[in-house]
Amino acid sequence: QVHLVESGGGLVQPGGSLRLSCAASGRFFSIRDMGWYRQAPGKERELVAVITNGGSTNYADSLKGRFTISRDNVQNTVYLQVNNLKPEDTAVYYCNADLFTYGSGRYAKYWGQGTQVTVSS
């Protein structure tokens with residue numbers, strides 16, 4: 001069984017910063033891409049950023065400059081640093097990872113349970 005557990009969300013004032021973390025645990029052989037998505041109330045889930053196991057990154061065009069994704073391949077953890085937060089960044093942030101699990105013979109996408117980020121004064 002595989003688990004992705006996010007942490008670091010919360011209530012922050014506009015202009016503030018947060019660092020989200022997501023740790024993968026369980027029975028898997030390797031991790032390929034890891035990423036962050038978000039879903040605001042009444043909207044569809046959207047990509048925030050993705051990072052490969054080699055460190056290449058890709059960001060949603062509208063979020064470049066304020067969001068930084070990084071990962072620790074030893075700790076199987078992906079991070080999202082968010083600066084200059086705006087009210088429109090309020091959403092549930094989900095972690096996603098491509099994991100090669102034992103016995104499956106292939107990579108599959110797994111999701112965390114989400115962490116709420118609320119930006120409000």
If every non-hydrogen atom of [X] is compared with every non-hydrogen atom of [Y], which pair is closest and at what distance?
X      : Y     : answer
Ser121 : Pro14 : N-CD, 3.7 Å
Asn84  : Ser17 : N-OG, 4.2 Å
Leu47  : Ala60 : O-CB, 3.4 Å
Leu18  : Gly8  : CD2-O, 3.5 Å
Leu80  : Tyr93 : CD2-CD2, 4.1 Å
Pro41  : Thr90 : CD-O, 4.3 Å

Could you check if a side-chain atom of [X] sits within less than 4.5 angstrom of a side-chain atom of [Y], using non-hydrogen atoms only?
X      : Y      : value
Lys109 : Asn96  : yes
Leu11  : Ser120 : yes
Thr68  : Val82  : no
Ile31  : Asp98  : no
Phe29  : Tyr102 : yes

Are Trp36 and Cys95 close enough, and set up right, to give a side-chain contact (heavy atoms from CB on, under 4.5 Å), and what steps lead you there? CA-CA 5 Å; Trp36 288 94; Cys95 170; 4.2 Å; yes

Test side-chain contact (heavy atoms from CB on, under 4.5 Å) on Tyr59 and Val48 and set out the steps. CA-CA 6 Å; Tyr59 295 88; Val48 175; 5.7 Å; no

Ring-face cation contact, Tyr94 with Arg38, 6.0 Å cut, 45° max: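 Output no; distance or angle outside limits.
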
Taking the six-membered ring of Tyr37 (Phe, Tyr or Trp), confirm whether the NZ or CZ of Arg45 is under 6.0 Å from its centre and within 45° of its axis.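 Cation-pi check for Arg45 and Tyr37: fails.
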
Starting at [atom1] of [X], measure out to [atom2] of [Y] and round the result to the nearest 0.5 Å.
X      : Y      : atom1 : atom2 : answer
Arg106 : Leu99  : CZ    : CG    : 11.5 Å
His3   : Tyr110 : NE2   : OH    : 10.5 Å
Met34  : Asn73  : CE    : CG    : 8.5 Å
Arg71  : Asn53  : CZ    : CG    : 5.5 Å
Leu4   : Gln113 : CG    : CD    : 8.5 Å

Same cluster (ILVMFWY, side-chain, under 4.5 Å), [X] and [Y]:
X     : Y     : result
Phe67 : Val78 : yes
Leu63 : Leu85 : yes
Tyr79 : Ile51 : no

Would you check if there is a donor-acceptor pair between the side chains of Tyr107 and Ser30 at a distance under 3.5 Å?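 There is such a pair between these side chains.
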
Whether the Asp33 and Thr52 side chains hold a donor-acceptor pair (N or O, under 3.5 Å, no angle test) is what I'd like checked.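 Their side chains do not contain a donor-acceptor pair, so the 3.5 Å distance test is not met.
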
Taking atom CD of Glu44 as the centre, report whether more than 12 heavy atoms of other residues, nucleotides or ligands fall under 6.0 Å from it.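 Open.
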
If you draw a 6.0 Å radius around CZ in Phe100, do more than 12 non-hydrogen atoms from other residues or ligands fall strictly inside?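 For Phe100, atom CZ is crowded (more than 12 foreign heavy atoms under 6.0 Å).
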
Electrostatic pair Asp89-Arg66, nearest N-O below 4.0 angstrom: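 The answer is yes: the pair qualifies as a salt bridge.
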
Give a yes or no on whether the backbone of Gly114 and the side-chain of Glu6 come within a donor-acceptor separation of less than 3.5 Å.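 Yes; at least one donor-acceptor contact below 3.5 Å.
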
